[in-house]
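Note sheet for the following structure.
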Amino acid sequence: MTLLGYVVDLLEDELKEDTFMTDEMQLPLPRETILYLKDLIQVSSKEFQCENINGMSPSMVDVLRKCLELFKILVACEHGFRYSMATELLSIGFIRLCLELLKDLIQNAIKKHGEVEWTTRSGRLNLSTSNNPYKGYRKDIVAILANVSYKNRVVQDEIRSLGGLPLILQQCVVDEENPFLREWGFWAVRNLLDDNLENVKEISEMQLKGLVTPVELEQRGYEVEMDQVI
């Protein structure tokens, strides 16, 4: 087991047992460590998405997976520091990075395979390849964005300002290489719309313009309405 994997497992255990001692003004990890992990994700993700994916070492894939898992845990816990952690991730550009990584996935797929086919009927947008060494990569990024948006207006607004709402809607689909991606996509949409009229309005305007949104959103009760007189 790698040292990073050990830290992830230890942190999970402490959070489950409610023994992790810190308050809402503190960070669960030193800021320098958070910045280092963010840089690791940025570098390894770029290598993961490039043409030389088969040349990526198993250890680098494991580092990328564990880093994403760590952030997913830290922004999902119920401890007071969750808000300060979200604020820190915003300040270092980590939310922007996650959105950029999702954009890169789509753009790289279009370059390699032509226009990505995605319809509300099939509800599919499979961007993975058969030689994918990290199954669940896309889902883990969406999970971080979903968790960090929970009851956090600042993050909700930031994702909207970065043009992330259409991108999140595109994750409410089935991807065989990313189990539960659709469920995480629905959770992200729910958290982004929660008590945020600006986000509701933007998604409503997308619908009025005829932009594609997954039909499953309506089936699961994520219906957004806007008075067309406004």
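Everything numeric in this text was worked out from a predicted model, so none of it was measured.
The side chain to side chain contact (heavy atoms under 4.5 Å, CB included) check on F180 picks up E183, W184, with sequence neighbours excluded. Taking D157 as the reference, R153, R160, N196 meet the side chain to side chain donor-acceptor pair (under 3.5 Å) condition, with sequence neighbours excluded. Every residue two or more places apart in sequence or in another chain was checked for a salt bridge (Lys or Arg N to Asp or Glu O under 4.0 Å) with K103, and none qualifies. Looking at residues two or more places apart in sequence or on another chain, you find a side chain to side chain donor-acceptor pair (under 3.5 Å) between D140 and K72, Y134. Qualifying side chain to side chain donor-acceptor pair (under 3.5 Å) partners for R65, counting only residues two or more places apart in sequence or in other chains: none. Under the side chain to side chain contact (heavy atoms under 4.5 Å, CB included) criterion, V154 pairs with Y83, L90, N152, sequence neighbours left out.
With values rounded to the nearest 0.5 angstrom, E202 atom CD is found 10.5 Å from L193 atom CG. Atom-to-atom distance recorded for I203:CD1 and L192:CG is 7.0 Å, nearest 0.5 angstrom. Between L145 atom CG and N191 atom CG the span is 11.0 Å, to the nearest 0.5 Å. Note that CG of L70 is 6.0 Å distant from CG of L29, once rounded to the nearest 0.5 Å. Rounded to the nearest 0.5 angstrom, C98 SG and L68 CG are separated by 7.0 Å. Rounding to the nearest 0.5 Å places CD of Q170 at 4.0 Å from CD1 of I106.
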Evaluate the side chain to side chain contact (heavy atoms under 4.5 Å, CB included) criterion for residues N147 and W187: first the C-alpha distance (whole Å), next the side-chain angles of each, then the deciding distance (0.1 Å), finally the verdict. CA-CA 8 Å; N147 287 339; W187 179 240; 3.6 Å; yes
Run the side chain to side chain contact (heavy atoms under 4.5 Å, CB included) test on L101 and L105 for me, step by step, so that the C-alpha distance in whole Å, both residues' side-chain angles and the decisive distance to 0.1 Å come before the verdict. CA-CA 6 Å; L101 294 178; L105 273 175; over 6 Å; no
After noting the C-alpha distance and the side-chain angles of R190 and Y150, does the key distance pass the side chain to side chain contact (heavy atoms under 4.5 Å, CB included) rule? CA-CA 9 Å; R190 181 266 175 205; Y150 181 70; 3.7 Å; yes
Walk me through it: do I95 and I144 pass the test side chain to side chain contact (heavy atoms under 4.5 Å, CB included)? CA-CA 9 Å; I95 305 300; I144 291 173; 5.7 Å; no
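Listed by first then second residue, pairs satisfying salt bridge (Lys or Arg N to Asp or Glu O under 4.0 Å) with a partner in residues 28-43 read R31-E88, not counting sequence neighbours.
By the criterion of side-chain heavy atoms lying less than 4.5 angstrom apart, applied directly or through intervening Ile, Leu, Val, Met, Phe, Trp or Tyr residues, Y36 is grouped together with L64 in one hydrophobic cluster. Grouping the Ile, Leu, Val, Met, Phe, Trp and Tyr side chains by contacts below 4.5 angstrom, directly or via other members, places L162 with L167.
Side chains of L181 and V174 form no contact here, defined as non-hydrogen atoms less than 4.5 Å apart. For the pair K46 and D104, the minimum side-chain heavy-atom distance is below 4.5 Å. Side-chain contact between I41 and V63 is absent, with no heavy-atom pair separated by less than 4.5 Å. F71 places a side-chain heavy atom less than 4.5 Å from the side chain of I34.
D175 has no carboxylate O lying under 4.0 Å from a charged side-chain N of R182, or vice versa, which leaves the two without a salt bridge. Salt bridge D62/K66: absent, no basic N to carboxylate O contact under 4.0 Å.
Considering all non-hydrogen atoms of both residues, S44 and M60 come closest at CB-SD, 3.5 Å. Contact detail for Y137 and N178: the closest heavy-atom pair is N-OD1, 3.3 Å. Summarising the geometry of V189 relative to C172, their closest heavy-atom pair is CG2-SG, 3.8 Å, with the distance given to 0.1 Å. Scanning all heavy atoms of the two residues, the minimum distance from G163 to P166 falls at O-CD, 3.5 Å.
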